[in-house]
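Everything below concerns the one structure shown next.
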Amino acid sequence: MSVSRTVQAPLPSDAKISFPQFASYGIAMEHLVQNGLGLTYVMPPRMTRRTLEIGARYSPDSVCAPFKLNLGCFLECIEQGADTLIQTGGTCRLGYYGELHEQLLRDLGKDIRFVNFAACDFSNPKTFIDEFRQLKPDLNLKHFTAVALQSVRMVNAIDQVDAMIRRRIGFVSDPRLLDNIRSNWLEQLRQAITLKEIERLRKATLRAIEAQKINMPKHPIRVGIVGEFYTIMDPFSNHEIERELGRMGVMVDRWMDISNCLYHLRTRKILPRVKDYAHYNMGATAMATIDMALRYAKSGYDGIIHVKSAGCTPEIDAIPALQNISADYHIPILFLSYDTQTSDTGLNTRLEAFYDMIAMRKQAHK
């Protein structure tokens, strides 16, 4: 999708930049802005019910929960002093959500500068440099590139640590120990500057996680989570579904993260693998959803959970393919759709019922 760029006046040296809260990835953005651009970064406050409520209050009713959460987060960033906001654009309707966010904020009288990366072409890195030059016209490209690589490595490290915790948290004696390791790791990562420091912290954290004793059965219940890009990765958006499954003693696998999207999400390679279920690209993350569901089914997982925001068209299109995979491989799939009214109680009731069902099936097939 092509989005027009508006050339803006250079930023003042005291500009305060912020980016919507999204899992723990804001740490990498903070590093990029402060160390790559030499500008001040405002870390968004942790998302709460208030974030969603104020975002929903000023959003069109028909837009998805991620749009409302992003708008609410922008408003809270402004409350924290941010005067320059970054929108990543996304790969679906979020491509023009950035422009709508900007217009809504201006309608609310917010005098902010808005940098919308939906204007960028992911196949052409120069377009991203052009956007960053809006923030820093005298950008030192060599230095910025080095810091950008450090930020990417931070993202990779965050994903690796989270993946290990995801698979082990259901089997440790006290999950709070892993929570403490993760909190300390993220706090130290915010202080890291060099690739060597990032790598040292990553290795030390993985060792600390591995050192925690686990009581895992020989054949644990395994559940794969697939679905829409934002909701599947952001714990607040999906109501901490991975933690809830871990509490039940489930080994959770989620392929979708920023690292895999950057390095491995190639639709042209996916299409041949899912040709029995989809013949063309449905857009956004729908093809990865089908591909991973098929992989989980073939790998003998006990169940699959499909998460999406209400109204996410590509993921709605993927549902018939998932239903066919479920029928062909006799694997249960739980479909969860999130909106501003989703409650923890209703969600946990469905998760517990799904767990009971797959646990009984597993026992029956022993």
Side-chain angles (χ1 to χ4, degrees), residues 5 7-44 77 82-91 98 113-164 182 184-207 229 233 257-266:
R5 289 177 67 244
V7 178
Q8 305 181 67
L11 281 181
S13 58
D14 60 349
K16 296 179 175 60
I17 300 170
S18 197
F19 175 77
Q21 186 73 269
F22 180 29
S24 302
Y25 297 122
I27 292 173
M29 181 61 75
E30 179 183 46
H31 179 74
L32 185 64
V33 169
Q34 295 196 161
N35 297 297
L37 300 175
L39 299 170
T40 300
Y41 186 80
V42 176
M43 183 65 78
C77 290
D83 53 37
T84 303
L85 304 176
I86 297 176
Q87 224 279 4
T88 57
T91 56
R113 180 188 179 103
F114 208 86
V115 179
N116 184 4
F117 280 84
C120 299
D121 179 357
F122 280 82
S123 66
N124 183 4
K126 182 180 179 301
T127 59
F128 285 91
I129 298 300
D130 291 341
E131 291 297 322
F132 278 113
R133 281 203 168 108
Q134 287 202 64
L135 298 173
K136 187 83 168 178
D138 59 346
L139 184 68
N140 182 323
L141 187 56
K142 183 178 180 180
H143 173 73
F144 179 78
T145 301
V147 175
L149 290 174
Q150 294 162 6
S151 297
V152 170
R153 188 63 186 125
M154 282 183 170
V155 168
N156 299 156
I158 288 169
D159 288 337
Q160 288 178 31
V161 169
D162 283 352
M164 180 175 282
R182 186 174 185 274
N184 291 335
W185 139 252
L186 292 174
E187 188 58 39
Q188 291 178 70
L189 187 63
R190 289 188 69 181
Q191 312 305 317
I193 299 295
T194 66
L195 286 173
K196 183 178 292 187
E197 290 175 330
I198 296 167
E199 183 64 9
R200 177 182 58 79
L201 285 170
R202 182 190 70 86
K203 289 181 177 179
T205 303
L206 292 177
R207 285 196 299 268
F229 182 89
M233 281 192 262
D257 57 31
I258 296 293
S259 297
N260 282 327
C261 287
L262 286 174
Y263 301 132
H264 305 298
L265 184 52
R266 301 292 182 268

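Reckoned from all heavy atoms, side chains included, excluding hydrogens, waters and symmetry mates.
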Minimal non-hydrogen separation, [X] against [Y], with atom names:
| X | Y | result |
| --- | --- | --- |
| L201 | A192 | CD1-CB, 4.0 Å |
| P20 | P44 | C-CG, 4.2 Å |
| Q34 | Y41 | OE1-N, 3.3 Å |

* **side chain to side chain contact (heavy atoms under 4.5 Å, CB included) evaluation trace for V155 with S259** => CA-CA 7 Å; V155 168; S259 297; 4.0 Å; yes
So how far is it from [X] [atom1] to [Y] [atom2], rounded to the nearest 0.5 Å?
| X | Y | atom1 | atom2 | value |
| --- | --- | --- | --- | --- |
| H31 | L189 | NE2 | CG | 9.0 Å |
| L32 | M154 | CG | CE | 10.0 Å |
| L186 | I158 | CG | CD1 | 6.0 Å |
| F144 | L139 | CZ | CG | 6.0 Å |
| I193 | I198 | CD1 | CD1 | 8.5 Å |
| E197 | T194 | CD | OG1 | 3.5 Å |

* Distance only, no hydrogens: is a donor on one side chain within 3.5 Å (strictly under) of an acceptor on the other, for Y25 and D257? ->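 Their side chains do not contain a donor-acceptor pair, so the 3.5 Å distance test is not met.
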* Ignoring hydrogens and angles, state whether a donor on the side chain of S24 or R182 is under 3.5 Å from an acceptor on the partner side chain. =>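 A pair is found: one side chain offers a donor N or O, the other an acceptor, under 3.5 Å apart.
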* Lys/Arg N to Asp/Glu carboxylate O, K196 vs E199, below 4.0 Å -> no
* **Whether H143 side chain and N35 backbone form a donor-acceptor pair below 3.5 Å** => yes
* Assess whether side chain to side chain contact (heavy atoms under 4.5 Å, CB included) is satisfied between F114 and T84, documenting all intermediate values. => CA-CA 6 Å; F114 208 86; T84 303; over 6 Å; no
* Asked: Can L85 and V115 be said to form a side chain to side chain contact (heavy atoms under 4.5 Å, CB included), step by step?
  -> CA-CA 6 Å; L85 304 176; V115 179; over 6 Å; no
* **Trace of the side chain to side chain contact (heavy atoms under 4.5 Å, CB included) decision for R113 with D83** => CA-CA 6 Å; R113 180 188 179 103; D83 53 37; over 6 Å; no
